[in-house]
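One-based numbering, in listed order, for ligands and for the atoms of each.
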Amino acid sequence: MFFKQFFSTSACQHTKAWMIKHVSDPYVRRSVKENYRARSAFKLIEINDMYQFLQPGHTVIDMGAAPGAWSQVLVKQVNARVEKQKKITSTNEFVHRTNPDLKCGTVIALDRSPIFEIPGVHIIDNWNLTADTTSDCNKRLQALLKRLKIEQVDGVLSDMCPNVTGCKAIDQSAIAALQHQAFDFARRLLKPNGYFLCKLFQGHEVFQDLRPLLESLFGAVHVIKPSSSRSESSELYLLALEYRPDATNRPTNASDNQNENTRIETNRHEIERLINEARRVRTKNKDK
Ligand SMILES: C[S@@+](CC[C@H](N)C(=O)[O-])C[C@H]1O[C@@H](n2cnc3c(N)ncnc32)[C@H](O)[C@@H]1O
């Protein structure tokens with residue numbers, strides 16, 4: 001009786017429909033077959049096939065990396081050094097084999113959620129982009145960069161996505177604010193000619209805010225909707241290539257750093273405001 005009632009609820013019908021759609025998705029099937037942790041791997045593969053920016057020997061930071069599909073792609077593309085050639089038995093994933101004839105690269109994966117080990121990837125989980133620069137997670141990141149002797153990186157990728165509310169305007173603003181902060185983070189580390197890739201939701205913010213900023217600082221900016229991105233999703237990617245740092249756009253001295261920190265702090269408050277707004281909308285919708 002209980003089960004009959006339970007399975008006839010609209011929530012359950014919705015879950016069932018989602019499951020059927022999920023398992024019949026060709027990219028989900030491919031990700032299982034090719035041992036990727038998520039179908040999102042194919043978005044990065046597709047974007048890189050178009051512009052070939054990931055190269056052996058590159059140092060790349062993958063922000064919002066959990067569960068790790070983009071990092072799995074990166075390990076292969078940059079030919080990351082893998083110390084132990086072992087198979088991860090718990091996930092049945094095969095480990096990338098470093099090609100000794102190519103330059104070796106480095107992949108750093110950051111996320112606020114846990115990321116299960118990926119050989120060849122330096123993982124810092126429990127890391128939050130909006131955390132204070134003096135926070136424990138940022139200290140762990142600084143210590144890692146120091147240990148690896150990394151001062152600059154070739155690329156920063158951000159597939160980060162805040163929890164969506166379903167309210168388009170709020171979701172667009174929240175992700176735009178987050179990616180703005182991701183770029184503030186990236187520009188401190190990017191080498192000249194470096195690249196920045198981030199996810200956004202289609203909407204006015206994309207074109208009025210982050211895109212013109214990237215266009216002023218990079219040689220080329222591409223707006224991409226990979227075919228592996230679900231057609232009903234408004235997500236798209238901005239790929240900025242050929243970073244052109246100059247005295248006016250990279251924080252160079254203490255006062256510039258101070259201005260930069262103030263801007264990041266303002267951005268952090270804006271993200272917190274949007275998250276609170278999102279919570280309020282969610283609670284209101286639940287109460288209806
Ligand atoms: C769409 S998933 C990324 C999928 C990943 N690219 C992959 O291929 O496996 C978005 C991730 O962004 C992370 N995220 C969202 N906001 C974040 C923040 N402020 N700091 C760190 N990570 C964040 C989430 O925890 C989530 O794991």
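Checked against the 6.0 Å centroid threshold, Phe196 and Tyr243 do not count as a close aromatic pair.
Legend: residues meeting side chain to side chain contact (heavy atoms under 4.5 Å, CB included) with Lys199, ordered by chain and number and at least two apart, are Asp159, Cys161, Ile175, Gln179, Glu235, Tyr237. Applying the side chain to side chain contact (heavy atoms under 4.5 Å, CB included) criterion to Asn126, with sequence neighbours excluded, gives Arg140. Partners of Ser234 under the side chain to side chain contact (heavy atoms under 4.5 Å, CB included) rule, at least two apart in sequence or in another chain, are Phe201, Gln202.
Of the options Ile61, Val60, Leu148, a side chain to side chain contact (heavy atoms under 4.5 Å, CB included) to Thr106 is made by Leu148 and by none of the others.
The existence of a salt bridge linking Arg39 and Asp25 is confirmed by a sub-4.0 Å separation between a basic side-chain nitrogen and an acidic carboxylate oxygen.
For a heavy-atom separation below 4.0 Å, the residues in contact with ligand 1 are Ser40, Gly64, Ala65, Ala66, Pro67, Gly68, Ala69, Trp70, Asp111, Arg112, Ser113, Trp127, Asn128, Leu129, Asp159, Met160, Cys161, Leu178, Lys199.
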